[in-house]
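Working notes, structure below.
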Amino acid sequence: MRNLSYVVRWMISLWIFTNYEWRMKPMAELAKKYEAKDVEEKWYQQWMADGRFHGDSANGGDPFCIVIPPPNVTGILHMGHALNNNIQDVLTRVARMKGKNTTWVPGMDHAGIATQNVVERALKKEGKTRDDLGREKFIERVWEWKEQYGGTIQNQLKKLGASCDWERERFTMDEGLSDAVLEMFCRLYDKDLIYRGNRIINWCPRCQTALSDEESEHVDVEGALYHLRYAVKGEKRKLVVATTRPETLLGDTAVAVNPRDERYKNLIGKTVVLPITNREIPIVADDYVDPEFGTGLVKITPAHDPNDFEMGQRHDLPQINVMTDDGLMNKNAGPYEGMDRFECRKQLMDDLKAGGLVEKVDVHQHAVGHCYRCETVIEPRLSPQWFVKMKPLARPAIEAVNDGRIKFVPEHWSKTYMGWMENIRDWCISRQIWWGHRIPIFYCDDCNHEWASKVIETACPKCASTQVRQDEDVLDTWFSSWLWPFSVFGWPGTSDDLKFYYPSKTLVTGNEIIFFWVARMVMSGLEIMDDIPFDTVYIHGTVRDDQGRKMSKSLGNSIDPLDIIEKYSSDALRFSLLMITATGQDVYISDEKFEIGRNFGTKIWNAARFMEMHSEGFDVKDLAFDPARLSPDDQHLLAKLNEAISSTNDNLERYRFNDATVVLYDFFWHSYCDWYIEYAKPILFNGSPEEKKHTLQVMHHAFSTALRLLHPFMPFLTEELWHGMEYNHSEETIMLAAWPEKVSSDGIDPKVVEYVDGKHDLIRVGRILRSEYNLTNKQTAVFNVRPSNKTYAEQIETDKASIMALLKAEAITVDVAFAPAGAMPSGISTLGTVYMSIEGLVDVDAEIMKLSVELDEVVGHLANVKKKLSNENFVSRAPKDVVAVQENRQEELIGKSEKLTKMIEMLRG
RNA sequence: GGGCGUUUAGCUCAGUUGGCUAGAGCACCUCGUUUACACCGAGGGGGUCGGCGGUUCGAGCCCGUCAACGCCCA
């Protein structure tokens with residue numbers, strides 16, 4: 001009931017207040033409520049129109065370049081993108097404000113398989129397949145799709161406030177980048193670093209293409225380990241082999257044992273008769289076989305398993321492929337021809353069981369490869385494909401990280417990188433799809449000549465035959481991405497931009513593409529440019545929901561950044577995301593977390609409104625306050641500002657964005673609003689014109705500096721206020737305003753700053769007293785302060801008015817010899833003891849109880865400190881300053897305990 | 001099987017080369033119709049820092065070990 005009446009009263013007063021304001025036409029020009037949506041739209045347009053994002057080598061200076069991890073053309077913005085681009089934008093905006101010649105190159109990836117899948121799905125709705133259209137028509141269709149739907153993410157990035165250099169936007173299939181791809185292929189081919197080989201690759205039966213090892217995602221599944229009985233030829237006994245993929249027995253060409261395995265020594269050289277097919281295959285000895293696993297006997301299927309393939313090579317075994325491209329059994333599977341591979345597995349097991357050929361089936365946890373695009377189970381399979389020889393490329397890439405030319409942040413990711421580099425395997429780059437860069441290899445059907453060429457060839461250079469055809473396959477999408485840091489600047493052509501901006505500064509990405517992209521860019525950069533592509537790799541965490549699950553459509557737990565922008569604003573999204581993202585740790589988000597940023601934005605806005613209300617007639621061009629006039633609170637604020645500046649810079653340098661945001665939040669909310677504005681109110685309301693002017697100078701100085709520090713994190717709000725507060729007289733846009741580095745500490749006395757810390761403590765103690773006696777703001781109280789020393793006494797005396805205002809005190813007495821006349825609530829602050837004299841009864845017992853509890857605490861701490869100081873080892877071994885701290889503390893605690901004891905005695909009368 | 005990460009307040013997380021009484025936001029409780037802000041202000045409660053062992057004058061932090069969870073690679 002009570003709450004309800006409060007609400008009603010509140011609503012009524014709010015209504016009156018709002019209408020009153022409206023009729024009065026407030027002085028403030030800033031709207032009462034910040035309309036983020038309009039503001040954000042407006043400024044992005046303006047920045048674009050003014051070309052603020054563009055960098056040009058012709059302007060010279062100090063280059064700063066970031067290349068975006070190009071999102072897929074099919075992509076739509078998710079929180080991972082938001083975080084990723086947020087960080088890049090912060091780095092970019094800071095660099096720009098620091099006066100660097102800055103470009104952040106955006107673009108998109110053609111995403112071969114993903115895009116082809118999307119278009120194929122669209123075709124399917126029309127009842128068509130890509131084969132119905134044919135290669136050329138299909139590719140046309142993909143381009144059409146791209147024009148129509150592709151790249152929505154680019155517009156979404158704009159909503160985020162990403163200050164990308166849009167004039168430089170690139171697409172991995174555009175003419176220039178395609179040329180780079182062909183050039184790269186031909187160079188590597190001519191250096192024998194690209195070859196064609198018949199090897200076991202990861203085959204996706206749904207996408208019907210080969211994949212690289214990295215594109216096969218291992219998922220732990222609860223499968224089965226099937227123990228099958230194979231008959232030894234000419235003997236009655238049966239061997240038991242264990243396998244997770246029984247259907248591949250149709251392609252078995254041997255059984256292997258470890259040569260040192262005593263159990264099976266006598267089997268080597270004998271023959272096994274395969275069930276169902278009755279094919280006869282040899283028993284061979286190979287070190288690869290682990291005697292501990294399963295029965296110590298393994299079946300060998302060289303066409304369907306990489307290890308079996310290797311063994312097959314060693315023992316010169318035939319390779320029998322039992323499946324078709326789409327994962328059905330082929331004619332080598334005999335009776336199972338035409339069956340799906342998993343159906344076949346079931347049927348085959350039934351048949352083997354019927355024949356008494358199944359020993360047992362164990363539950364078995366194992367990792368199974370899945371297509372990273374469609375999650376279909378990968379079929380390892382023998383297939384002729386194109387590969388890049390990676391070892392020679394890896395060597396310099398290992399060097400670059402080892403010798404520190406490239407740094408990972410956090411550092412431990414370099415281990416992941418190294419582990420992969422050192423065990424690198426050749427990269428399967430051919431894909432049996434249509435959307436992508438077609439492999440520039442040509443074959444002559446007459447003389448069998450094979451060559452690489454950047455142009456479409458019509459005649460054989462060897463025999464002049466026109467019976468020439470190009471390879472049907474296209475290249476892995478990542479074959480274009482790994483050239484990104486230099487191809488975006490026109491390579492293989494030479495350009496001033498390339499010379500100027502390469503290498504870029506920081507690569508910002510998630511850990512999931514260290515192998516796919518980061519590692520390969522390092523290799524290609526060193527190979528082609530003979531230089532690293534970036535000097536820092538910043539790896540951020542994965543964005544998860546508040547239960548720690550990855551955001552995914554199927555779980556329905558995705559939080560759409562655009563919804564958050566709609567609900568809370570882009571600035572709120574940006575600030576909140578960075579504030580809750582610890583360096584390299586995963587981020588758990590839920591809607592409410594974005595309230596932090598929104599509330600902070602509102603706080604800044606309202607502080608600006610407050611200042612504006614008092615700034616009539618004030619000239620913001622004239623912020624050169626007189627250092628000699630700085631009051632203790634002025635000095636304190638400026639000291640805190642200086643700390644915030646250096647701390648922000650330090651944190652940014654170390655990529656500690658969360659710490660940077662916390663520092664700014666803390667400075668602005670607490671130092672600036674809670675303390676300084678409250679301090680300034682009496683001056684602004686009642687001070688002389690000179691006092692007012694001086695205080696406003698300090699305020700605007702601090703505020704405009706804070707805005708600049710905040711700009712990379714909250715670009716829109718800060719730009720709006722930069723103009724709203726008319727700070728744009730110096731620099732038209734805050735984007736180019738000077739980044740705060742060091743500020744003069746003229747007129748700032750550390751002792752005075754310390755005094756203000758003490759003043760705040762004193763006020764806090766006074767407020768606690770008020771709170772303990774449930775005094776409302778209207779109830780007045782007289783405070784008596786007994787300062788601990790004369791200096792404090794003088795400082796407090798001079799500063800009395802301010803302390804009174806902040807304590808809502810009727811009066812304050814300052815007396816180093818103050819002794820309470822009767823029972824008075826009291827508390828101890830760093831500047832001295834505070835007594836509150838109130839009318840009415842003091843609860844003496846409660847007061848004694850409170851002070852006793854405090855005394856107990858102090859005595860406890862004191863015991864600890866004494867114990868430390870009486871420990872000779874501590875005094876002799878700990879550094880002097882640490883000991884000194886303890887000694888000071890001991891003194892303090894003794895003083896405090898004495899005071900408390902006296903106060904309690906006094907109360908006891 | 002190998003590697004990496006995580007474990008701190010009810011929740012989400014900071015805590016840097018070991019050194020003052022372990023912090024923040026949210027949530028919770030009390031109070032508040034003062035002219036920047038209720039998306040606010042003032043105050044408050046809440047922690048054996050995953051377990052065990054070790055190093056050290058001193059451990060949330062370093063070392064060892066165990067456990068749980070997550071990720072990557074085989």
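Every chain is numbered from 1, with letters handed out A, B, ... down the list of sequences. Fair warning: this is a prediction, and the values are worked out from it, not measured in the lab.
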Describe the nucleic acid contact of [X] in one word from base, sugar-phosphate, nothing, applying a heavy-atom distance below 4.0 Å.
X: Ala608(A); value: nothing
X: Lys880(A); value: nothing
X: Asn888(A); value: nothing
X: Thr602(A); value: base
X: Glu678(A); value: base
X: Lys808(A); value: base
X: Phe685(A); value: base
X: Arg764(A); value: sugar-phosphate

Length of the line joining [X]:[atom1] and [N]:[atom2], which is rounded to integer Å:
X: His540(A); N: G5(B); atom1: NE2; atom2: C1'; value: 16 Å
X: Lys867(A); N: U21(B); atom1: NZ; atom2: C1'; value: 16 Å
X: Phe594(A); N: G25(B); atom1: CZ; atom2: P; value: 19 Å
X: His760(A); N: G43(B); atom1: NE2; atom2: P; value: 12 Å
X: Phe668(A); N: C40(B); atom1: CZ; atom2: C1'; value: 14 Å
X: Glu772(A); N: A42(B); atom1: CD; atom2: C1'; value: 13 Å
X: Met418(A); N: G2(B); atom1: CE; atom2: P; value: 23 Å
X: Met613(A); N: C37(B); atom1: CE; atom2: P; value: 6 Å

Give me the distance, rounded to whole Å, that separates [N] from [M] when you measure between the [atom1] atoms they each carry.
N: G1(B); M: A14(B); atom1: P; result: 30 Å
N: C26(B); M: A67(B); atom1: C1'; result: 30 Å
N: U7(B); M: C61(B); atom1: C1'; result: 14 Å
N: A24(B); M: G18(B); atom1: P; result: 24 Å
N: G51(B); M: A68(B); atom1: P; result: 15 Å
N: G15(B); M: G53(B); atom1: C1'; result: 25 Å
N: G64(B); M: G45(B); atom1: P; result: 40 Å
N: G47(B); M: U55(B); atom1: C1'; result: 26 Å

Of all the choices, [options], which nucleotide is nearest to the side chain of [X] once you look at every atom?
X: Phe515(A); options: G5(B), G15(B), C73(B); value: C73(B)
X: Asp674(A); options: G41(B), G5(B), A36(B); value: G41(B)
X: Arg656(A); options: A74(B), A14(B), A36(B); value: A14(B)
X: Asn599(A); options: A42(B), C37(B), C40(B); value: C40(B)
X: Lys593(A); options: G5(B), C37(B), U12(B); value: U12(B)
X: Lys33(A); options: A42(B), A36(B), C39(B); value: C39(B)
X: Asn774(A); options: G25(B), U30(B), C71(B); value: U30(B)

Counting just side-chain N and O atoms, does [X] come under 4.0 Å of either OP1 or OP2 of [N]?
X: Arg609(A); N: U35(B); result: no
X: Lys415(A); N: C4(B); result: yes
X: Lys681(A); N: A36(B); result: yes
X: Trp669(A); N: C40(B); result: no
X: His218(A); N: A74(B); result: yes
X: Arg598(A); N: C26(B); result: no
X: Arg889(A); N: U21(B); result: yes

Watson-Crick or G-U wobble mate for [N], both contacts under 3.5 Å:
N: G47(B); value: none
N: C62(B); value: G54(B)
N: C39(B); value: none
N: A67(B); value: U7(B)
N: C13(B); value: G23(B)
N: G1(B); value: C73(B)

Lys407(A) to Tyr538(A) six-membered ring, cation-pi geometry met (6.0 Å, 45°): no
More than 12 heavy atoms of other groups within 6.0 Å of Glu872(A) CD: no
Over 12 non-hydrogen atoms of neighbours within 6.0 angstrom of CD in Glu726(A): no
CA sep, side-chain torsions, deciding dist, call: Glu754(A), Thr830(A), side-chain contact (heavy atoms from CB on, under 4.5 Å): CA-CA 10 Å; Glu754(A) 204 186 307; Thr830(A) 27; over 6 Å; no
Do the side chains of [X] and [Y] get close enough for a salt bridge, i.e. N-O under 4.0 angstrom?
X: Arg609(A); Y: Glu612(A); value: no
X: Arg654(A); Y: Asp650(A); value: yes
X: Glu379(A); Y: Arg245(A); value: yes

Sub-4.5 Å side-chain heavy-atom contact between Ser569(A) and Glu40(A): yes
Check against side chain to side chain donor-acceptor pair (under 3.5 Å), Tyr773(A) and Glu847(A): CA-CA 10 Å; Tyr773(A) 281 84; Glu847(A) 200 58 30; 2.9 Å; yes
Closest-nucleotide ordering on RNA chain B, the 5'-leading residue of Trp420(A) and Asp659(A): Asp659(A)
Contact nearer the 5' end of RNA chain B, comparing Gln886(A) with Arg425(A): Gln886(A)
N/O donor-acceptor pair, side chain Lys603(A) with base C37(B), under 3.5 angstrom: yes
base_contact_polar (U16(B) base, Arg654(A) side chain, donor-acceptor, <3.5 Å): yes
Verdict with reasoning, Phe716(A) to Tyr34(A), per side-chain contact (heavy atoms from CB on, under 4.5 Å): CA-CA 11 Å; Phe716(A) 298 110; Tyr34(A) 174 59; 4.3 Å; yes
